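Structure first, commentary second.
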Amino acid sequence: MSPEGNAAVSLRDETVDGVWRRVHPASPFVRGWVALAAVGYFFGRDAFERVLQGREFVDPNLNSRAPWLLAGGAVLLLLTVGGFILSWYFTRYQVAEGYVRVNTGFLFKQQRQARLDRVQAIDIVQPLLARIFGLAELKFEVADAGESAVRLAYLPLDQAKQLRATILARAAGVVSGPEAAWEEVPEAPEHVVLSVPPGRLIGSLLLSEQTVGILLGAAAVVGVSVLMDNQAIFLALIPAILGIGAAYWSSFNKGYNFTAAISPDGIRLRYGLLDTQAQTLPPGRIQAVMVAQPPIWRIFGWYRMHVNVAGYGAAGTEGAARTMLLPVGLKPDVMRMMSLVLPDPGVDDPEKVFTAGLTGLAAGGRPAAPSDDGFVVTPRRARLLAPLGWRRNGFFATRTALLIRSGRWWRTLVVVPHQRTQSMALHQGPLARRFRVADLVLHTTAGPVTPRVFQAGVEQAVELFDQQAARAREARKRQTGEQWLAQVAPQAPEVAAAAQPQPGQPEQFPSPLQQEDRQDG
């Protein structure tokens, strides 16, 4: 079993140092309510249908078999409840020796563990039923995605917050030393930096690319039905309409009440209408950031932000929600979140450079020099490969990160810190060879962000390949440990003074508190 990740191993009988604790006794029932509902449905469906039809609640023909049916139902119910109780009794967790460990199973025993200093992010998840009982699931990730997640379901909400604070403090380096005793750490204070109004969220969904596709599809269906004089085609659209409605509801439910806050233990994101979720992202563990702007959103100046975080991956609806750094926001919101992810942008005028990355369009496209806004764009000789985007596609390397912009209509800006570059590759197809251009792909962890420099000149692509490899190597040398608190400038109110640039240091993004002061002034 690798110490960096999680594994399923046989459970040892002896207890290691640290206190073993159990989850809340109601946890199995919250997790397994579907099984109880299935038992009730199986035995109550017939009686319910008889009541709706105005007949007797119990079929008279079953009177002779009623005791056997009741006995069978009671045995099945007892087995289900007994399984829940055993599941609760054999589920224990421990924080000790620099690891968090979770033991589960009474027939097939497992122990899952993760190193605290490799924790990538921590979530507190509250499904609707868990919220009713005041419970929460604690989920945190380490290096790889998917199966590595360690889940504690369920704990009382206050206890889940306390445990998250303890794990984050040890992962960040606030608490160190022997961990033989359970040492509780108070939850770090936070400062809310932005929230997404519900009206803006609804507007972003109505003006999304999905809505445009739906309208075009609906117009095509109406046209076909008129030409074929066949009204039955609308009946076939009912499943599609239900699916579309479910997709809109899921997006609204996930983005409702979206709030971002800063604290010494990381960036805290909260969202959800029925099922709420609270994430804590150590900013030094974010691998890549993407800012995107669909065409219709340009009217209102809206943007969305996604991130790659080791452990989150990109598969499924849950992964898409967890990698969302900002569902919809204005440019000041984007700059505010970027200041948390990349406290030191590594450039003298970050506002100008990042604005050029978001909205810039080069006037020339000179193959041997950057354009007027500092971005190296696709050379003019390759404009036939991207007639609309050749003056937009480009890159800009600061002292701390590589900025990649692309898209004339669907604008995107990708930011990759140098130390997060894991590997690189140059791609060149037959047409690209004809026009002497190449694509440079940067490999990070799995996620929605795919850093790719489109159609750079061959000379510039090869030069960037060599320089970026050197930058990544030097940045990793400066990153001496896994404890991110020592690497990232804190942005919380009580340590805001520490985030101010000192004389002789490069200019940083304005901190969220500084931005608020400017707006108030």
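Computed from a prediction, not measured in an experiment: that's the story for all the values here.
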- Message: Could you tell me if the side chain of L402 sits less than 4.5 Å from the side chain of L442, heavy atoms only?
- Response: yes
- Do S339 side-chain atoms and R336 backbone N/O form a donor-acceptor pair below 3.5 Å? yes
- Message: Does F465, at its CZ atom, have more than 12 non-hydrogen atoms belonging to other residues, nucleotides or ligands within less than 6.0 Å?
- Response: yes
- If only atom types and distance count, is the side chain of R436 paired as donor or acceptor with the main-chain N or O of R433 below 3.5 Å? no
- Message: If I compare all heavy atoms of L358 with all of M335, which pair ends up nearest, and what's the gap?
- Response: CD1-CE, 4.1 Å
- Message: Using side-chain heavy atoms (C-beta onward) and a distance below 4.5 Å, is R298 in contact with W409?
- Response: yes
- Note on the structure: In this structure, CD of Q468 is separated from CG of L440 (nearest 0.5 Å) by 7.5 Å
- Note on the structure: When rounded to the nearest 0.5 Å, the distance separating CZ of F354 from CZ of F396 is 9.0 Å
- Are side-chain N/O atoms of S195 and T259 paired as donor and acceptor at under 3.5 Å? no
- Side-chain (S250) to main-chain (A247) donor-acceptor, under 3.5 angstrom: no
- Message: Donor-acceptor pair, distance only, cut-off 3.5 Å: does the side chain of T355 make one with the backbone of K352?
- Response: no
- Given side-chain contact (heavy atoms from CB on, under 4.5 Å), test R322 with K139 step by step and report yes or no. CA-CA 12 Å; R322 298 170 72 198; K139 177 180 179 181; 3.0 Å; yes
- Task: Starting from the C-alpha separation in whole Å, work towards a yes-or-no answer on salt bridge (charged side-chain N to carboxylate O under 4.0 Å, His left out) for D466 and R471.
- Result: CA-CA 9 Å; D466 296 333; R471 295 188 192 104; over 6 Å; no
- Specify the closest pair of heavy atoms between V377 and W390, including all atoms of both residues, with the distance to one decimal. CB-O, 3.9 Å
- Could you tell me which non-hydrogen atom of A136 sits nearest to which non-hydrogen atom of Q126, and how far apart they are? CB-CG, 3.6 Å
- Query: Does W249 CH2 have over 12 foreign heavy atoms under 6.0 Å away?
  - Reply: yes
- Task: Check step by step if side-chain contact (heavy atoms from CB on, under 4.5 Å) holds for I267 and V341.
- Result: CA-CA 8 Å; I267 305 172; V341 176; 4.2 Å; yes
- Shortest non-hydrogen contact from Q455 toward D439: N-OD1, 2.7 Å
- Query: Do R452 and H427 meet the criterion of a side-chain donor-acceptor pair at a distance under 3.5 Å?
  - Reply: yes
- Indicate whether any N or O donor in one side chain lies under 3.5 Å from an N or O acceptor in the other, for T444 and N308. yes
- Item | Nearest-0.5 Å distance, CD1 of residue I122 to CG of residue L281 | 10.0 Å
- Message: Can you see whether F375 has R405 sitting over its ring - NZ or CZ less than 6.0 Å from the centre and within 45° of the normal?
- Response: yes
- Item | Rounded distance (nearest 0.5 Å) linking atom NE2 of H306 with atom OG1 of T412 | 11.5 Å
- Short question: side chain of D123, backbone of Q279 - any donor-acceptor pair under 3.5 Å? no
- Would you call P294 and I296 a side-chain contact if the rule is heavy atoms closer than 4.5 Å? no
- Message: Strictly distance-based, threshold 3.5 Å: is any side-chain N or O of H418 a donor or acceptor partner for the main-chain N or O of T398?
- Response: yes
- Query: Can you tell me if R392 uses its side chain to pair, donor with acceptor, with the backbone of G407 under 3.5 Å?
  - Reply: yes
- Message: Please check this pair: side chain of R408 against backbone of L388, looking for a donor-acceptor N/O pair closer than 3.5 Å.
- Response: yes
- Would you indicate whether the side-chain heavy atoms of M338 and V289 approach each other to under 4.5 Å? yes
- Message: Using side-chain heavy atoms (C-beta onward) and a distance below 4.5 Å, is V347 in contact with P350?
- Response: yes
- I would like to know whether T378 and R391 meet side-chain hydrogen bond (donor to acceptor under 3.5 Å, both in side chains); could you show each step before the answer? CA-CA 6 Å; T378 301; R391 290 192 296 147; over 6 Å; no
- Item | Any donor-acceptor pair under 3.5 Å from T400 side chain to P345 backbone | yes
- Walk me through it: do N257 and R270 pass the test side-chain contact (heavy atoms from CB on, under 4.5 Å)? CA-CA 7 Å; N257 198 30; R270 293 184 176 88; over 6 Å; no
- Task: Could you grab the distance from atom CE of M337 to atom CD1 of I262, nearest 0.5 Å is fine?
- Result: 9.5 Å
- Do you know which two heavy atoms are closest between A469 and M424, and how far apart they sit? N-CE, 3.5 Å
- Any chance you could measure Y248, atom OH, to I202, atom CD1, to the nearest 0.5 Å? 12.5 Å
- Is the closest side-chain heavy-atom distance between Q293 and R304 below 4.5 Å? no
- Message: Checking side-chain polar atoms at under 3.5 Å, does S263 have a donor or acceptor matched by the opposite partner on R268?
- Response: yes
- Quiz item: cation-pi between R411 and W297, 6.0 Å / 45°: no
- Give a yes or no on whether R434 atom CZ has more than 12 heavy-atom contacts from other residues, nucleotides or ligands under 6.0 Å away. no
- Query: Can you name the nearest heavy-atom pair linking A160 to L138, along with the distance?
  - Reply: O-CD1, 4.0 Å
- Task: Given salt bridge (charged side-chain N to carboxylate O under 4.0 Å, His left out), test D348 with R399 step by step and report yes or no.
- Result: CA-CA 10 Å; D348 295 333; R399 290 183 292 270; 3.8 Å; yes
- Student check: side-chain heavy atoms of T276 and Y271 closer than 4.5 Å: no
- Message: Any heavy-atom pair between the side chains of L326 and L194 that's under 4.5 Å?
- Response: yes
- Going through the distances and angles, do R420 and R476 end up as a side-chain contact (heavy atoms from CB on, under 4.5 Å)? CA-CA 8 Å; R420 300 305 172 190; R476 283 192 291 270; over 6 Å; no
